[in-house]
Amino acid sequence: MKVLITGATGVVGKGLIEHLVQKQVQIHFLTTRKNQLQSIKNAKGFYWNPANDQIDTSCFLGVDRIIHLAGATVSKRWTKSYKALIHSSRIRSTQLLLKGLQSCKGEHQVTQLVSASAIGIYPSDFDKVVTEEDTVEPTTFMQKVVFDWEKEVAAFQAEGLNVAKIRIGLVLSKQGGVLGTLKIPVYFGLGAAFGNGKQGQSWIHLEDLVGIFSKALSDQWEGVFNAVAPHPVTQSQLMAALSRALKRPYFLPSIPSFLIKLGAGEMSDLVLDSHWVSVQKVLDSGFAFHYPTLEEAMDNLLRP
Ligand SMILES: NC(=O)c1ccc[n+]([C@@H]2O[C@H](COP(=O)([O-])OP(=O)(O)OC[C@H]3O[C@@H](n4cnc5c(N)ncnc54)[C@H](OP(=O)(O)O)[C@@H]3O)[C@@H](O)[C@H]2O)c1
């Protein structure tokens, strides 16, 4: 099998390529940075630039499936122009990918698109457990971004492709990301929950997320799938588990929401929103998690 991956140089992409290469899958990847074209061992890089509609369409040669992960990080300060980039990097890249595929005029052999999406599509709720069946009526910035992204991704169905959308939770990995950011204050004994600390944190270990993408390919998944661990925790529990794993005290009161909103504005949604997300559909598919509980994940990720 040959797979084309966008956003391959990111945290999820790198983990996924390592896994797929071991399974003898051949990899093509698209990058917006010319200096990254040769950066991934055992994978062939192609240049694209969704901002100006540029794509090297030879990336589709011999490709059976596409995995679409590209998008500007949401962890940088949400200025007006950066918010536009968070949105456009996902929408324009999806549109360009489709345009590129269409330019092959039926000569391609791609049968499936597996796209990243995010649990940020669901409304924040402190009690309700959400499933893939829930209807989404976006109101916040993040919900709108993910909603629009999924809508663009669905357009590949008209090209005859199976389309799977993987709604990813908070990814925990050794490669920095959210854990890298949270680790710093905790390491100095300054770990504290955000807001009332009761927000649902539907997290997932990178290795399990990679396994889910891999199963989506091997089983030709179609439709929406939540990718989170079976045992979500509250924000306070997450910070406490992190402190325990790093053998640091956890005693500080949580940081009040109004202070976080004052400092971070709309971006505070990222830490104050609550998502309790069901992964029953993925479990029903027969997927077995390596790290179903936070303790197991932390132990693996933070053990020296
Ligand atoms: N990590 C999480 O907790 C999480 C949670 C929910 C959803 N997701 C989604 O899953 C996907 C992969 O996540 P990740 O953590 O691997 O992200 P990441 O580390 O930030 O990597 C994303 C990749 O997207 C590409 N990219 C960045 N800006 C771009 C732009 N303006 N136009 C086109 N491509 C651009 C980059 O590749 P090049 O520089 O090589 O082009 C980058 O390596 C993302 O779309 C993310 O939103 C992640």
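Counting starts at 1 for both ligands and their atoms, following the listed order. The first residue of the sequence shown is numbered 1, and numbering continues consecutively from there. When reading the values below, keep in mind they use all heavy atoms of this one structure, side chains included, and skip hydrogens, waters and symmetry mates. A quick note: this is a predicted structure, and the numbers were derived from the prediction, not measured.
Judged purely by distance below 3.5 Å, without hydrogens or angles, the side chains of Asn300 and Tyr291 pair a donor atom with an acceptor atom. A donor atom on one side chain and an acceptor atom on the other are found under 3.5 Å apart for Ser214 and Lys23. Side-chain contact check for His275 and Ser202: no donor-acceptor pair (N or O, by modelled atom type) lies under 3.5 Å.
For atom 34 (N) of ligand 1, the nearest protein heavy atom (residue, atom name, distance) is Ala70 CB, 3.6 Å. Scanning the protein for heavy atoms near atom 20 (O) of ligand 1, the closest one is Thr73 CB, 4.1 Å. Thr9 OG1, 3.9 Å is the protein heavy atom nearest to atom 42 (C) of ligand 1. For atom 23 (C) of ligand 1, the closest heavy atom belonging to the protein is Gly7 CA, 3.6 Å. Here the heavy atom of the protein found nearest to atom 22 (C) of ligand 1 is Gly71 O, 3.6 Å. When hydrogens are left out, the protein atom nearest atom 7 (C) of ligand 1 is Ser117 O, 3.4 Å; that is the closest non-hydrogen contact. Atom 17 (O) of ligand 1 has its closest protein heavy atom at Val11 N, 4.6 Å. Of all protein heavy atoms, the one lying nearest to atom 30 (C) of ligand 1 is Ser89 CB, 3.5 Å.
Considering Thr32, Leu69, Ile119 only, the shortest heavy-atom separation from atom 12 (C) of ligand 1 involves Leu69. Which of Val228, Val171, Leu172, Asn49 comes nearest to atom 1 (N) of ligand 1 through a heavy atom is settled by distance: it is Val171. In this comparison of Arg90, Lys14, Arg33, the heavy atom closest to atom 47 (O) of ligand 1 sits on Arg90. For atom 5 (C) of ligand 1, the choice among Gly169, Ser93, Ala227 with the nearest heavy atom turns out to be Gly169. In this structure, of Gly10, Ala72, Pro50, the residue bringing a heavy atom nearest to atom 28 (N) of ligand 1 is Ala72.
Of the possible donor and acceptor atoms, one in the side chain of Gln235 sits under 3.5 Å from a partner among the backbone N and O of Phe194. No side-chain donor-acceptor contact under 3.5 Å links Asn226 to the backbone of Val228. When atom types are taken as modelled, the side chain of Thr31 and the backbone of Tyr47 share no donor-acceptor pair closer than 3.5 angstrom.
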Side-chain donor-acceptor distances from residues 37-46 under 3.5 Å, at least two apart:
from, atom 1, to, atom 2, distance (Å)
Ser39, OG, Gln36, O, 2.6
Ser39, OG, Gln36, OE1, 3.3

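Side-chain contact between Phe156 and Ser115: absent, with no pair of heavy atoms (C-beta onward) separated by less than 4.5 Å.
Between Thr31 and ligand 1, an N or O atom pair is found at a separation short of 3.5 Å. The shortest N or O to N or O distance between Leu30 and ligand 1 is not below 3.5 Å.
With a 4.0 Å cut-off on non-hydrogen atoms, Phe29 does not touch ligand 1 at all.
Other residues, nucleotides and ligands place more than 12 heavy atoms under 6.0 Å from the CD atom of Gln102. Atom NZ of Lys2 has more than 12 neighbouring heavy atoms from other residues, nucleotides or ligands inside a 6.0 Å radius.
Taking every heavy atom of Ala118 and a limit of under 4.0 angstrom, the matching atoms of ligand 1 come to 6 (C), 7 (C). Near Trp149, with a cut-off below 4.0 Å to any heavy atom, the atoms of ligand 1 are 45 (O). Listed by number with element, the atoms of ligand 1 under 4.0 Å from a non-hydrogen atom of Ala116 are 10 (O), 11 (C).
Relative to the ring axis of Phe225, Lys165 does not place its NZ or CZ within 45° and under 6.0 Å from the centre. Under the 6.0 Å distance and 45° angle rule, Lys198 does not count as a cation-pi partner of Phe126.
The ring pair (Phe, Tyr, Trp, His ring centres under 6.0 Å) test applied to Phe287 returns Phe289, not counting sequence neighbours.
Every heavy atom of Trp203 sits 4.0 Å or more from the atoms of ligand 1. Heavy-atom separations between Gln36 and ligand 1 are all 4.0 Å or longer.
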